[in-house]
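Predicted model, so just to flag it, every value in this text is computed and none were measured.
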Amino acid sequence: MLRLASGTFSPSCRYCVEKLTTRHASQRLSQKPLLPANSRTASSLLQSTHLTRHRAQLTCQYSTLARPNLRNLISPTNRIVQSQQRNMSVLSKLRPLLKIRYWILGAGIGGGYSAKATYESWKDKVPDMSWLGEYLPDADTVSKFIPNVDTDKYRKFLLKLKKSIPELPESPDMATLKGYLPDADRMKDWSPDVTMDDFSSVFNEDNSITTGVMTAMKVNAEGSEEESAKKMSDKERLQKIQEEFLQEQLKYQRQLERLEKENKELRKQIMLKGDKAVYKRRTKKSLIDMYSEVLDELSEYDSSYNTQDELPRVVVVGDQSAGKTSVLEMVAQARIFPRGAGEMMTRAPVKVTLSEGPHHIAMFKDSDREFDLTKESELEALRREVEIRMKASVRPGQTVSMETIAMSVKGPGLQRMVLVDLPGIISTETQGMASATKESIKMMCEHYMSNPNAIILCIQDGSVDAERSNVTDLVSHMDPQGKRTIFVLTKVDLAEKNITNPRRIKQILEGKLFPMKALGYFAVVTGRGNKDDSIETIRGYEEEFFRTSQLFRSGVLKASQMTTQNLSFAVSDCFWKMVKASVEQQADTYKAARFNLETEWKNNYPSLRQLDRDELFEKGKGEILDEVMNLSQVTPKQWEEALWAKLWDQAAEHVIENIYLPAAQTESAGHFNTTVDIKLKQWADQQLPKKSVLVGWETLQEELKGLMDRGKDAQNHDDIFDHLKEAVIKEATRKHRWQGEAANSLRVIQLNALEDRSIAEKSQWDSAIKFMESTLQDKLFETESKINKMSGPGWVGRWFKWQYQSQDQAKCAATKTELEKIVALDEKWPAYQAFETGSVRKHPPYLAMDETTTVRKNLEAQGVDVDNDFIKTTWHEVYRRHFLKQALVRANECRRGFYYYQRGITDTDLECHDIVLFWRIQKMLQCTSNALRQQIMNTEARRLEKEVKHMLEGLGEDPQKKLGLLQGRRVTLAEELKKVRGIQEKLEEFIEALRKEK
């Protein structure tokens with residue numbers, strides 16, 4: 001080592017250095033792969049082989065040149081052998097300088113060698129002119145001849161010779177040439193000092209040019225012909241070499257395809273090895289599947305923090321019918337999309353995730369069905385399903401949709417990537433399209449291309465004029481520098497037939513015809529025009545076309561720019577480079593968004609769990625079902641009391657106005673009972689059963705609402721579910737239907753109860769009186785309130801509460817006073833007259849004409865002007881109050897009448913037939929309440945529980961309804977937190993898997 005640093009080399013040291021240099025060169029050569037990777041073409045394989053040989057030669061050359069005699073470069077005084085006492089630090093400082101010296105020395109030797117090789121190559125290109133030495137004079141003669149030449153004569157001869165050269169035939173003979181060349185006398189005339197002996201080898205004795213010179217000129221002419229023939233043979237040889245090179249490329253391409261096929265089979269056998277269930281349990285998600293899940297999460301994320309999705313995906317854009325879908329099918333190796341003749345087939349974005357797998361299958365994101373892409377029937381079903389989903393995603397009145405259809409395709413040898421196929425860009429909106437279709441497609445393409453990490457696969461139809469393209473301007477606008485654009489020229493077979501100038505195709509593939517720039521340019525063939533061709537047929541046609549293509553033979557197309565297979569390799573390589581460069585930055589972005597959201601939650605909802613909308617809905621669903629179940633905890637007594645009160649509230653108006661009051665105007669108890677029987681039967685047959693069912697349903701609804709409302713008073717009540725509970729009750733009210741036979745059974749029960757006039761016990765009699773009194777008191781209170789409202793405040797209100805009467809109220813008060821005088825006569829009817837006539841004086845419910853006139857005249861005397869209708873309206877309320885008061889008096893008197901009723905004594909002054917009416921009504925209400933309670937507890941409550949449960953399940957499957965029922969910042973914040981957390985975790989999992997793969 002000391003000798004190496006100091007430059008002192010012994011023979012053994014030189015041997016060691018040479019051996020190390022050779023080993024290092026061989027190691028560098030061994031690091032290069034014998035066969036290129038799948039992403040390399042056959043041309044790159046040959047180029048790499050050529051470069052490897054060249055490097056090997058240079059390495060061998062430089063390995064011998066890089067061993068200079070360092071003994072001569074380093075003086076003996078600097079040798080470490082003679083200065084062993086120096087410190088090793090000096091050696092460490094000199095070591096970098098010694099390395100620089102070696103580099104300079106090596107560069108100088110290499111540069112000299114390169115210059116020498118260049119000079120030798122130039123020297124070989126100079127033509128051989130040695131034959132002229134035999135005929136031209138030597139240097140001394142020429143030096144003596146030149147100074148004495150008459151330049152004027154010599155210039156005139158040259159001008160004459162120049163003019164006469166065009167007159168020479170194409171192949172002149174010797175005699176013709178002699179007539180044009182100078183003889184010895186003319187040359188002597190140019191320079192008299194020169195003797196002819198100096199040109200004895202050139203001229204004969206007759207001063208003409210010698211035969212040797214003419215022969216040499218002939219040989220030289222023949223040599224020129226041989227050179228041209230040689231040039232022609234070189235051109236043919238070059239063409240032959242090109243053909244051989246093409247054959248070698250195709251041979252290597254076939255070898256690569258064979259190796260890929262064997263690799264696919266080996267992978268398939270490994271993946272299918274063992275039990276399928278065991279493999280399915282142990283297998284992990286592939287890297288591309290993990291990445292696709294991240295993209296699915298991002299597509300559903302709508303953040304208020306403007307965290308945009310900037311992860312890479314391959315966006316396929318192009319003009320309509322340019323072959324976008326066909327290119328994608330060639331990459332996926334299956335005809336998976338619906339096809340049409342010139343019409344728009346792609347109506348929504350289709351995200352296709354390509355990954356490697358043992359079987360060639362396709363699968364939608366939201367479905368478990370697997371389509372076998374090796375069977376034509378399955379392919380047809382897949383294309384039909386894609387078409388159905390596209391049509392379903394388009395809203396009425398529109399042509400395209402922004403809703404993404406996600407599917408995955410797996411198969412042996414597929415390149416892993418995520419592609420998005422977009423609708424083709426159109427120039428004109430045809431009949432049947434929506435008015436904004438053109439702008440909608442443009443906005444959709446711009447939306448996907450605006451992602452700074454999206455790879456734009458720009459598809460251009462090669463069979464049409466480049467000037468008709470719309471996509472290139474749009475792509476150049478979104479990616480001016482072309483840093484993420486790959487240009488694809490389709491239908492090259494048609495372009496070769498139609499385009500007379502192949503230079504246009506070359507300009508397109510070199511990026512010189514369009515204003516756009518791109519990372520790479522490719523030419524592909526995606527079919528022969530037959531929509532039923534399989535992928536294998538199209539691929540074979542593509543290979544055969546490029547094998548015999550004149551565009552390739554003439555150099556317009558390069559081998560690395562041809563075939564969809566090379567395109568697939570290039571796109572996949574670019575995709576993963578972009579993913580590796582951007583995924584960690586995107587993960588950091590969502591990490592920061594998660595921190596901001598968690599901070600907001602801690603500040604606003606510190607004591608609540610982070611439940612998203614689905615979790616909150618499940619919690620609310622449980623609370624609602626629990627409250628519905630609590631209906632079974634309501635006692636029968638509570639049900640009957642609620643039903644009784646609700647029934648009488650609904651029936652009281654009809655009983656008083658349509659049954660009791662009309663019957664009470666009859667003259668005797670017999671007429672009263674007859675009228676009551678007729679009206680009760682009509683009511684029970686037509687209205688009462690239906691009204692009772694409605695009352696039962698309303699009572700059930702109110703009880704359920706009451707149970708839910710009682711939960712609002714609890715300390716742990718969460719008001720976020722109030723809107724959901726109200727919606728459930730409202731929907732249940734609208735949908736629930738009572739059983740149809742319930743009304744018929746209630747009709748029978750009610751008729752039997754109303755026909756029974758017998759009161760067996762005193763308690764029942766007292767209960768009927770109490771029921772009657774409470775009912776009449778309520779009606780009396782309502783009537784007095786109405787009268788007070790009509791007549792306005794009394795003198796107490798006017799004097800102590802500063803209340804005033806309106807003009808109508810004053811008229812009503814005066815009219816009421818006059819009418820009260822009429823009804824007062826019934827109260828003052830003498831008892832002896834009642835005894836003599838056998839009846840109590842009763843004023844009829846209407847006013848006689850003379851009574852109306854008397855009241856009006858009395859009012860006119862008081863200065864109050866009213867008409868007859870006003871008097872009759874006031875009379876109705878006054879008489880009603882009078883009647884109710886009289887009925888209450890009779891009810892009180894009948895408390896002692898049960899003894900007479902039980903024994904059938906009728907010749908008394910008591911009129912208790914209305915007590916019997918209210919007993920019949922009360923019994924009907926009790927029977928009906930009991931029957932409804934049984935229906936509710938045995939049937940309707942359970943049916944309602946099932947309906948509410950089914951309703952909640954339907955709401956749970958409708959995200960839009962859940963969005964409307966569960967609202968507020970708390971819900972949206974929890975939703976964002978869940979989505980951001982899920983995205984960040986999936987990104988971190990993907991990054992970890994990506995690092996392991998590296």
Side-chain angles (χ1 to χ4, degrees), residues 285 289-313 351 353 365-366 402-404 406 418 447 450-453 579 582-624 715-725 727-728 952-953 955-995:
K285 293 180 181 178
D289 290 336
M290 295 168 63
Y291 184 76
S292 180
E293 289 182 359
V294 174
L295 293 182
D296 291 337
E297 290 285 339
L298 290 175
S299 64
E300 299 174 357
Y301 176 61
D302 183 15
S303 174
S304 60
Y305 284 84
N306 297 323
T307 306
Q308 297 181 355
D309 171 19
E310 295 183 355
L311 286 178
R313 70 261 288 157
K351 181 175 78 70
T353 303
K365 172 191 170 185
D366 55 354
M402 281 291 293
E403 183 178 346
T404 303
V418 177
H447 168 71
S450 61
N451 181 357
N453 295 319
V579 169
S582 61
V583 66
E584 292 189 3
Q585 181 181 359
Q586 194 76 4
D588 293 338
T589 302
Y590 281 96
K591 186 176 181 180
R594 176 180 176 179
F595 175 78
N596 294 335
L597 294 173
E598 287 178 345
T599 302
E600 182 181 353
W601 184 274
K602 291 178 182 178
N603 293 334
N604 296 322
Y605 314 102
S607 60
L608 296 176
R609 290 177 56 196
Q610 296 177 5
L611 300 178
D612 61 1
R613 184 171 280 106
D614 293 335
E615 294 169 338
L616 283 172
F617 180 81
E618 291 299 323
K619 183 180 178 181
K621 176 181 176 182
E623 291 186 6
I624 293 173
Q715 292 183 351
N716 58 349
H717 172 67
D718 195 351
D719 58 354
I720 200 169
F721 301 118
D722 292 345
H723 193 34
L724 175 62
K725 293 178 180 179
V728 169
L952 289 171
E953 290 176 355
L955 291 175
E957 296 175 357
D958 193 339
Q960 295 297 327
K961 290 185 179 179
K962 284 194 295 185
L963 184 65
L965 294 174
L966 296 173
Q967 296 178 343
R969 180 55 185 164
R970 170 186 162 189
V971 184
T972 56
L973 184 59
E975 285 275 300
E976 290 182 7
L977 260 173
K978 179 183 178 181
K979 291 180 180 179
V980 171
R981 190 181 295 113
I983 292 171
Q984 184 195 359
E985 291 174 355
K986 288 184 180 295
L987 279 173
E988 291 177 351
E989 182 183 2
F990 172 74
I991 292 172
E992 184 66 23
L994 188 63
R995 290 172 179 170

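- In this view, D719 satisfies the salt bridge (charged side-chain N to carboxylate O under 4.0 Å, His left out) rule with no residue, not counting sequence neighbours.
- A search for ring pair (Phe, Tyr, Trp, His ring centres under 6.0 Å) contacts involving Y291 returns F575, F990, not counting sequence neighbours.
- Considering only residues two or more places apart in sequence or on other chains, F595 meets the ring pair (Phe, Tyr, Trp, His ring centres under 6.0 Å) condition with none of them.
- A search for side-chain hydrogen bond (donor to acceptor under 3.5 Å, both in side chains) contacts involving D614 returns K962, not counting sequence neighbours.
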### Query
Between L952 and V728, does a side chain to side chain contact (heavy atoms under 4.5 Å, CB included) hold up when you go through it step by step?
CA-CA 8 Å; L952 289 171; V728 169; 3.7 Å; yes
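- Side-chain contact between L311 and L987 is present, with at least one heavy-atom pair separated by less than 4.5 Å.
- The side-chain hydrogen bond (donor to acceptor under 3.5 Å, both in side chains) search around E615 returns none, not counting sequence neighbours.
- In this view, S292 and D296, K351, T353 satisfy the side chain to side chain contact (heavy atoms under 4.5 Å, CB included) rule, not counting sequence neighbours.
- Contact detail for R613 and T972: the closest heavy-atom pair is NH2-CG2, 4.2 Å.
- Legend: residues meeting salt bridge (charged side-chain N to carboxylate O under 4.0 Å, His left out) with K986, ordered by chain and number and at least two apart, are E293.
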Working note: N604 + R970, criterion side chain to side chain contact (heavy atoms under 4.5 Å, CB included); need CA distance, chi angles, decisive distance, verdict.
CA-CA 9 Å; N604 296 322; R970 170 186 162 189; over 6 Å; no
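- Heavy atoms only, all atoms of each residue included: A727 and L965 are closest at CB-CD2, 3.5 Å.
- One finds the CZ atom of F617 at 5.0 Å from the CG atom of L955 (value rounded to the nearest 0.5 Å).
- For E598, the side chain to side chain contact (heavy atoms under 4.5 Å, CB included) partners are R594, L977, R981, not counting sequence neighbours.
- Residues passing the side chain to side chain contact (heavy atoms under 4.5 Å, CB included) test with S582 are P312, N453, sequence neighbours excluded.
- In this structure, the salt bridge (charged side-chain N to carboxylate O under 4.0 Å, His left out) partners of E623, at least two apart in sequence or on a different chain, are K725.
- Scanning for side-chain hydrogen bond (donor to acceptor under 3.5 Å, both in side chains) contacts around D958 gives an empty result, with sequence neighbours left out.
- Contact detail for N451 and E310: the closest heavy-atom pair is OD1-CA, 3.1 Å.
- The nearest pair of heavy atoms linking Y605 to L973 is CE1-CD2, 4.1 Å.
- With sequence neighbours excluded, no residue satisfies side-chain hydrogen bond (donor to acceptor under 3.5 Å, both in side chains) with Q585.
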- For the pair K591 and E584, evaluate salt bridge (Lys or Arg N to Asp or Glu O under 4.0 Å) and give the outcome as yes or no after the intermediate values. CA-CA 10 Å; K591 186 176 181 180; E584 292 189 3; over 6 Å; no
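- Rounded to the nearest 0.5 angstrom, L611 CG and E975 CD are separated by 10.5 Å.
- Within the 4.5 Å cutoff, side-chain heavy atoms of M290 are placed close to those of E989.
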